[in-house]
Protein chains: 2
Amino acid sequence: MSNAKPLPLLDSTADGVVPCCPPLNERPITAEEAETAARMFKALGDPVRLRLFSAVAAHEGGEACVCDISDVGVSQPTVSHHLKKLKEAGLLTSERRGTWVYYRVEPSVLAAMGRLLTTTAPTARAAAV
Amino acid sequence: MSNAKPLPLLDSTADGVVPCCPPLNERPITAEEAETAARMFKALGDPVRLRLFSAVAAHEGGEACVCDISDVGVSQPTVSHHLKKLKEAGLLTSERRGTWVYYRVEPSVLAAMGRLLTTTAPTARAAAV
DNA sequence: TGCGTATTTCGACATTCGTCGATGTGCTGT
DNA sequence: ACAGCACATCGACGAATGTCGAAATACGCA
């Protein structure tokens, strides 16, 4: 039905992808930035989704079909539901290849989230910890 | 009343803190690890909490009293509620100093989350992308 | 001691979320 | 054409979440 809903969390401005936000400790993020970033964190804020995401990310070739990662202790519809959520959050992309559907991680989004959590030049005092 | 509920997300084994988990793409994380890590991501999965966390992290000296960061568009009890959630998740610590309560980020937890999102040596085939 | 300010706790409420079984859709092979 | 497998969608349900106003607690100060 084509409701793919890419929902680009990173404003794909021109060059492709954009880091969304500076590190969290660099300056207080705005309400708008928070809305965007929170959606990414929320997507990883469920144990089942986190396992599915990790399973895809760690799978050989950086991609995996649903059948390869369905063993997470919940029903098949639930797996499908979570994969959809991850896709809507922009963390995964999917592609049908014959009978199977393959998911792979969106590397730029992963990098953007990592950057958010990067501790940049501390306020000097932080180093004393 | 003392129900501080530290809830150490990082198993403070011996040396103080422990990275909780390897990068998500290194190997599929276990159900147990996912439970722990998801709690951290979930804590940042709300826009208001993310703004509060960022406000504390970016504040001068790495700490801030509630009054300094309460301007996020929700009521003051709600701010307190979210700060409590962040504290329970191990992302923030609090300390009362006179009239005010100061919050500061737990740097090791931030680092642990960053490590989770770090893209380590791809499975070799991933480089072909 | 008593007042005012700062922060937390306490219900209460509507909304969202995770889960399931049943059903639908897409593709393959016979 | 049809049966079978892989995956997605639908509808329903209880549980968790975010929010608020009201009240409680903690401190500093007059």
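Everything numeric in this text was worked out from a predicted model, so none of it was measured. The sequence lines fix the lettering, A, B, ..., with proteins before strands; numbering per chain opens at 1.
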**Student:** Round to the nearest Å and state the distance from A/L92 atom CG to D/dA8 atom P.
**Tutor:** 11 Å
**Student:** With sequence neighbours left out, write down each residue that passes side-chain hydrogen bond (donor to acceptor under 3.5 Å, both in side chains) with B/E26, or none if nothing qualifies.
**Tutor:** none
**Student:** Rounding to an integer number of Å, can you tell me how far B/L86 CG sits from C/dT8 P?
**Tutor:** 12 Å
**Student:** Using a heavy-atom cut-off of 4.0 Å across all strands, would you classify B/Y103 as base, sugar-phosphate, or nothing?
**Tutor:** sugar-phosphate
**Student:** Please tabulate, one pair per line, all N/O donor-acceptor pairs under 3.5 Å involving side-chain atoms of residues 48-56 of chain B, not counting sequence neighbours.
**Tutor:**
residue : atom : partner : partner atom : Å
B/R49   : NE   : B/A43   : O            : 2.7
B/R49   : NH1  : B/H82   : ND1          : 3.2
B/R49   : NH2  : B/K42   : O            : 3.3
B/S54   : OG   : A/L24   : O            : 2.8
B/S54   : OG   : A/R27   : O            : 3.2
B/S54   : OG   : A/I29   : N            : 3.0

**Student:** For B/R97 and C/dA6, give me the distance from atom CZ to atom C1', rounded to whole Å.
**Tutor:** 15 Å
**Student:** What is the distance from atom CG of A/L44 to atom CG of B/L116, rounded to the nearest 0.5 Å?
**Tutor:** 9.0 Å
**Student:** Whole angstrom is fine here: how far is it from OH in B/Y102 over to P in C/dA6?
**Tutor:** 12 Å
**Student:** Using side-chain hydrogen bond (donor to acceptor under 3.5 Å, both in side chains) as the criterion, list what pairs up with A/T78, not counting sequence neighbours.
**Tutor:** A/S75
**Student:** What is the distance, to the nearest angstrom, from the CZ atom on A/R96 to the P atom on D/dA8?
**Tutor:** 8 Å
**Student:** Using the test side-chain contact (heavy atoms from CB on, under 4.5 Å), find all partners of B/S94 that sit at least two apart in sequence or belong to another chain.
**Tutor:** B/K87, B/V101, B/Y103
**Student:** Measure CG/B/L83 against P/D/dG18 and give the value in whole Å, please.
**Tutor:** 13 Å
**Student:** For B/W100 and for A/T99, locate the closest nucleotide of DNA chain C by heavy-atom distance; then report the residue assigned to the nucleotide nearer the 5' terminus.
**Tutor:** B/W100
**Student:** Calculate the interatomic distance between B/K84 atom NZ and C/dA6 atom C1'; express it in whole Å.
**Tutor:** 17 Å
**Student:** Summarise how protein sits on nucleotides 14-21 of chain C as a single string, 5' to 3': B when a protein heavy atom is under 4.0 Å from the base, S for sugar-phosphate-only contact, - for no contact.
**Tutor:** ---SSBBB
**Student:** Among all residues two or more places apart in sequence or in another chain, which pass the side-chain hydrogen bond (donor to acceptor under 3.5 Å, both in side chains) test with B/Q76?
**Tutor:** none
**Student:** So, do B/E88 and B/K84 sit near enough that their side-chain heavy atoms are less than 4.5 Å apart?
**Tutor:** yes
**Student:** Measure from CD on B/E35 to P on D/dA16 and round the result to the nearest Å.
**Tutor:** 13 Å
**Student:** Quick one: is B/S80 getting a side-chain N or O under 4.0 Å of the C/dT8 phosphate, OP1 or OP2?
**Tutor:** yes
